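To start, the structure itself, in structure tokens.
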Amino acid sequence: MATSWQQQLKKALSGHNTAAIQSQPNYSEAAAKLFKTVVTEEVTLAIKNEPSSDVLLRQFMPMAAETVHHPEFKLDPVGDHDALARQGIIHKYYGRVLVIASGSCAVNCRYCFRRHFPYQQQLGARQKWKSLITYLKQQPEIHEVILSGGDPLTLTTEHLRRLTDQLRTLDSITTLRIHSRIPTVLPERIDDNLLDWLTQLPLQKVLVTHINHSLEITPAAALALNKITQTGTTLLNQSVLLKSVNDDVEVLSELSHNLFKHGILPYYLHVLDRVQNAAHFEVDIATAGQIYSKLQARLPGYLLPKMVQEVAGQSSKSPVNVKPE
Ligand SMILES: *Cc1c(COP(=O)(O)O)cnc(C)c1O
Ligand code: SF4
């Protein structure tokens, strides 16, 4: 029997929750044709209940600005297609490998740098785990497996368990990292089965959430995060600096404090990847630097995310250099 989170996910993917978005004045059907509207009930409820919900809406609502062509904004801004060592396995950085674990997310974020990623060309799940294990055996310097987007928590726990049962047999692998937006957008997913799996997993566990604004931490999300902290999993957060969402010192500073309140440390603040159809989210680098140096002057070092940029061909994310205020 499908569990309630699976029903919720199915509804989101089949466009069941989109009415709240389609009824908005700035909604664009032409933009929705470029990248499907996908939102969860948790998100639409937050949009409805929150008077200043524009900061949420902008992240998920197709807008006419997406249809404007900007030649500097590319289909694959971070060079992921080139880096596919095996289908779905991206080994760009030393010691860690990123796996495109799933072809879908619980929400479609309009600024996503993988919005044009050819997920359908990926291997089936069983084949993918098999080829991952083969790859890891050949590359013993890899100690960390990163499950990334599409959102890995759209996979069932049984499926995740099958992967980690195999990872555990490799001495070289010490750490499992999960990049997921699901704890906040589909908190039902954080069920007992998932929590048991995490608790029992004999690896270092890291969950990197994706939260851009404090309003995304709804009461249900807060509860889900609290449960995860009790599984021995380290919680980190990555945000994307987005125009008219979080390009503001107050907003980012409040976010850092709120994350900490829920057991999460800020990790990365990404400058937008220049992906086609997302130009209207860009904060220019000079403004980004000004915001960041003000943020730096406000926050204790441990609550200051690293502001980084993905530069194709580099061996790590590149820090954006900012002078202190
Ligand atoms: C961002 C990223 C990682 C993780 O980088 P960290 O600096 O360890 O967080 C790994 N592989 C790829 C391909 C990435 O894009
Ligand atoms: S959850 Fe992450 S991978 Fe999925 S659409 Fe949003 S930004 Fe992209």
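Numbering of ligands and ligand atoms starts at 1, following listing order. Fair warning: this is a prediction, and the values are worked out from it, not measured in the lab.
In terms of protein heavy atoms, atom 4 (Fe) of ligand 2 is closest to C105 SG, 2.3 Å. In terms of protein heavy-atom proximity, atom 15 (O) of ligand 1 is nearest to K317 NZ, 2.9 Å. Looking only at protein heavy atoms, the nearest one to atom 10 (C) of ligand 1 is Y93 CD1, 3.4 Å. The single protein non-hydrogen atom nearest to atom 12 (C) of ligand 1 is L98 CD1, 3.6 Å, given as residue, atom name and distance. Nearest protein heavy-atom neighbour of atom 8 (O) of ligand 1: R96 NE, 2.6 Å.
Metal site remark for atom 6 (Fe) of ligand 2: C109 contributes an N, O or S atom at a distance under 2.8 Å.
In this structure, V107 has a heavy atom closer than 4.0 Å to ligand 2. Within the structure, ligand 2 lacks R114 among the residues with a heavy atom less than 4.0 angstrom away. Using a non-hydrogen distance threshold of 4.0 Å, H91 does not register as a contact of ligand 1. Between E144 and ligand 1 there is no heavy-atom distance shorter than 4.0 Å.
Close approach of ligand 1 to Y267 is summarised as follows: ligand atoms under 4.0 Å from at least one heavy atom of the residue are 6 (P), 7 (O), 8 (O), 9 (O). For ligand 2, the atoms closer than 4.0 angstrom to any heavy atom of C112 are 3 (S), 5 (S), 7 (S), 8 (Fe). Close approach of ligand 1 to E310 is summarised as follows: ligand atoms under 4.0 Å from at least one heavy atom of the residue are 15 (O).
Contact annotation for V208 and ligand 1: no heavy atom of the residue comes within less than 4.0 Å of the ligand.
Checked against a 3.5 angstrom limit, the closest N/O atoms of Y268 and ligand 1 fall inside it.
Inter-residue side-chain proximity for L259 and H262 is flagged as unmet; no heavy-atom pair is nearer than 4.5 Å.
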